[in-house]
Amino acid sequence: MPLRVILAEDAVLLREGLVGLLQRFGHETLAVVGDADALVEAVHRDRPDLVITDVRMPPSNGDDGLRAAVALRETYAGLPVLVLSQYVERSYALQLLDSCNGAAVGYLLKERVGAVADFMAALDRVAAGGTVVDPEVIHQLVKLHPDPLGRLSAREKEVLSLMAEGRSNANLAAHLFISEAAINKHIGSIFNKLDLPVYTDGHRRVLAVLAFLRA
């Protein structure tokens, strides 16, 4: 369904590219802003279906966009937010993913925009209340827990990273060119080794993984 979107990005070329991409897929861009203060003002004014924001932007050219996203989700519980970044900022990433119990939120690296179909699917998933986390974000957060993850095999770590993107078992199987039965076995092993509850719903599985990473 068409979404009403507010876009916050200070890089002009990327900003224009995203506007064109949103329009191509039938979404309406309510406002396009280049700093965090304007983002907050636009959300207060327009109440969008989804916010897409950069991390690093004016006024301080620090993590203003990400901090604004965290604050907006505190003000408007459940506001879908998809953060785009050139890097992983651990502390605010965790705050963002922790907000509203992890629902309707995503954190992707900007390079993922080039994979248009996957990017638009991630956007729709976040708008619908799901959780999307870039594999590199998971990789960075995983570094905080080296011992438990050391129990996982290389394949299990690969499956874990893909699970964090909110993929279904069928999608995981197709991506890795193995059977769904094999995927189920890997997922069961992962959750057993990490002492996590086994969820069949993709969103809840992502939340379980994030809960472990935050522990």
Taking atom [atom1] of [X] and atom [atom2] of [Y], what is their separation to the nearest 0.5 Å?
X: I6; Y: T29; atom1: CD1; atom2: OG1; value: 10.0 Å
X: L66; Y: L96; atom1: CG; atom2: CG; value: 5.5 Å
X: L7; Y: L18; atom1: CG; atom2: CG; value: 5.5 Å
X: L152; Y: E158; atom1: CG; atom2: CD; value: 12.5 Å
X: Q23; Y: L21; atom1: CD; atom2: CG; value: 10.5 Å
X: D63; Y: R56; atom1: CG; atom2: CZ; value: 5.5 Å

So do the side chains of [X] and [Y] get within less than 4.5 Å of each other, counting heavy atoms only?
X: L39; Y: L72; answer: yes
X: M1; Y: D49; answer: no
X: L162; Y: V159; answer: no
X: R67; Y: S60; answer: yes
X: R155; Y: H186; answer: yes
X: P58; Y: D64; answer: no
X: L123; Y: I52; answer: yes

How would you list all residue pairs meeting salt bridge (charged side-chain N to carboxylate O under 4.0 Å, His left out) that involve residues 109-129, not counting sequence neighbours?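 The answer is E9-K110, D54-K110, R112-D134.
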
Please list, chain by chain and in numerical order, all residues satisfying side-chain contact (heavy atoms from CB on, under 4.5 Å) with P2, sequence neighbours excluded.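 Counting only residues at least two positions away or on another chain, P2 forms no side-chain contact (heavy atoms from CB on, under 4.5 Å).
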
According to side-chain contact (heavy atoms from CB on, under 4.5 Å), who are the partners of A170, at least two apart in sequence or on a separate chain? S168, E180

Provide the closest heavy-atom pair for [X] versus [Y] in the form atom of the first, atom of the second, distance.
X: R15; Y: V32; answer: CD-CG1, 3.0 Å
X: L3; Y: A127; answer: CD1-CB, 3.6 Å
X: A104; Y: R73; answer: O-NH1, 2.9 Å
X: P59; Y: D37; answer: CG-OD2, 3.8 Å
X: Y107; Y: L82; answer: N-CD1, 4.2 Å
X: D35; Y: M57; answer: C-SD, 3.5 Å

Other residues, nucleotides, ligands: >12 heavy atoms within 6.0 Å of E28 CD: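 For E28, atom CD is crowded (more than 12 foreign heavy atoms under 6.0 Å).
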
Donor-acceptor check, side chain of D46 to backbone of P48, threshold 3.5 angstrom: yes or no? no

Set of residues satisfying side-chain hydrogen bond (donor to acceptor under 3.5 Å, both in side chains) with respect to R45, sequence neighbours excluded: none

Pairs in or reaching into residues 6-32: which pass ring pair (Phe, Tyr, Trp, His ring centres under 6.0 Å), with residues at least two apart or in two chains?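 Residue pairs passing ring pair (Phe, Tyr, Trp, His ring centres under 6.0 Å), neighbours aside: none found.
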
Which residues share a ring-ring contact (aromatic ring centres under 6.0 Å, His included) with Y76, sequence neighbours left out: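 With sequence neighbours excluded, Y76 shows a ring-ring contact (aromatic ring centres under 6.0 Å, His included) to H44, given in chain and number order.
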
